[in-house]
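The structure under discussion appears below in the form of structure tokens.
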2 protein chains.
Amino acid sequence: MTKDIESKCLEKGVRLTEQRKLIAKTMSNSSDHPDVDELHQRVSKVDSRISIATVYRTVKLFEEAGIVEKHDFKGSKARYEQAKDEHHDHLIDVSSGEIIEFVNNDIEKLQKQVAEKLGYKLVDHRLELYGSKIKK
Amino acid sequence: MTKDIESKCLEKGVRLTEQRKLIAKTMSNSSDHPDVDELHQRVSKVDSRISIATVYRTVKLFEEAGIVEKHDFKGSKARYEQAKDEHHDHLIDVSSGEIIEFVNNDIEKLQKQVAEKLGYKLVDHRLELYGSKIKK
DNA sequence: ATAATTGCAAATGCTTTGCTTGTGA
DNA sequence: TCACAAGCAAAGCATTTGCAATTAT
């Protein structure tokens with residue numbers, strides 16, 4: 001199972017302040033993909049003095065350390081989630097905004113092949129599906 | 001072959017002003033993926049009075065009419081290209097910023113399947129590969 | 001004629017940053 | 001202790017918008 005963000009900070013030598021611990025804990029306990037504003041609201045419930053600038057600085061710090069992932073889905077602001085052990089992509093419900101994670105190794109392989117055929121080593125990728133729920 | 005933007009505007013009943021014609025022509029003649037600033041510089045060479053607000057308004061208008069496509073690649077501002085007849089995705093050279101278009105029908109099919117398996121009808125998607133050139 | 005479009009500058013929304021005070025190792 | 005982090009407000013950047021003047025049909 002994926003370790004919590006606080007442990008990962010210790011591993012990577014990221015200095016832990018009260019604010020960072022709180023943001024880390026809040027993100028680790030979130031199963032959704034909150035944006036900075038939402039995150040700020042959540043941590044504010046515990047410590048109302050925390051500033052949004054700190055939240056911005058912290059998620060960026062965590063991202064650069066590879067501890068969290070940033071997503072810029074179409075038509076919404078940047079969202080963050082804790083980095084998991086296994087890579088996954090996202091399907092976004094265009095009506096509700098709900099985000100569903102999925103894994104598809106065939107697509108992953110094909111992406112690598114496409115890149116190689118074009119003479120490139122694949123270093124990163126972005127795959128997002130936008131869909132509307134099929135009522136059954 | 002894909003028609004030029006001006007013809008498409010006529011088809012779709014998009015009112016054509018001098019400024020729009022110039023922006024349309026400039027985009028049709030571009031084989032790359034310029035951002036608004038770049039586009040503004042290109043049209044300014046022909047008509048120096050054209051404002052960047054007009055460029056912003058025009059690309060948005062064209063996009064909403066389905067005549068051009070907007071791309072928000074990682075780490076750069078919004079880029080635009082004329083919509084082609086055949087859908088394609090992009091590989092971005094992480095060193096040079098060069099953008100390479102590609103088509104892969106296997107991936108397209110798999111995306112649709114993934115969405116359906118999750119109970120969704122695929123209405124849109126985004127696939128971007130980021131790679132570094134393999135020297136041979 | 002007149003509804004739509006332009007140019008300009010001001011406003012917006014998200015994000016970053018300078019600076020002073022506070023704090024973790 | 002003292003380099004680094006936090007809070008605040010100001011700045012930055014891409015993009016949008018209100019308004020008066022202009023233009024396409």
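Computed from heavy atoms alone, side chains included, the values below leave out hydrogens, waters and symmetry copies. Note on naming: letters A, B, ... go to the chains in the order of the sequence lines (proteins, then strands), and numbering restarts at 1 for each one.
Here dA3(D) presents its P atom at 11 Å from CZ of R15(A), a figure rounded to the nearest Å. Between the CZ atom of R20(A) and the P atom of dG7(D) there is a distance of 11 Å, rounded to whole Å. Rounded to whole Å, the distance from NE2 on H40(B) to P on dT16(D) is 15 Å. The CG-C1' distance, from L16(A) to dA6(D), rounds to 15 Å in whole Å.
No donor-acceptor distance shorter than 3.5 angstrom exists from the side chain of S48(A) to the backbone of S44(A), with no hydrogens or angles considered.
Remark: N29(A) engages K25(A) in a side-chain contact (heavy atoms from CB on, under 4.5 Å) (not counting sequence neighbours). Among residues two or more places apart in sequence or in another chain, the side-chain contact (heavy atoms from CB on, under 4.5 Å) test is passed with S31(A) by none. Applying the side-chain hydrogen bond (donor to acceptor under 3.5 Å, both in side chains) criterion to S28(B), with sequence neighbours excluded, gives Q82(B).
Nearest heavy atoms, L39(B) versus P34(B): CD1-CG, 3.9 Å. The two residues L129(A) and A115(B) come nearest to each other via the heavy atoms CD1-N, 4.3 Å.
In terms of position along DNA chain D, the nucleotide closest to V36(B) lies nearer the 5' end than the nucleotide closest to the other residue of the pair V36(B) and Q19(B).
Residue T17(A) places none of its side-chain N or O atoms closer than 4.0 Å to OP1 or OP2 of dC4(D).
Mapping heavy-atom proximity under 4.0 Å, the span of DNA chain C touched by chain A runs 5' to 3' from dC14(C) to dA25(C).
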In a table with atom names and distances, give each donor-acceptor pair under 3.5 Å that connects a side chain of residues 54-71 of chain B to protein atoms at least two apart or in another chain.
{"unit_1": "T54(B)", "atom_1": "OG1", "unit_2": "S51(B)", "atom_2": "OG", "d": "3.3"}
{"unit_1": "T58(B)", "atom_1": "OG1", "unit_2": "T54(B)", "atom_2": "O", "d": "2.6"}
{"unit_1": "H71(B)", "atom_1": "NE2", "unit_2": "E81(B)", "atom_2": "OE2", "d": "2.7"}

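Annotation: side chain of E128(B) is not in contact with side chain of H125(A) (no heavy-atom distance under 4.5 Å).
Within residues 49-72 of chain B, the residues approached by DNA chain D to less than 4.0 Å at the level of any non-hydrogen atom are A53(B), Y56(B), R57(B), K60(B), in residue-number order.
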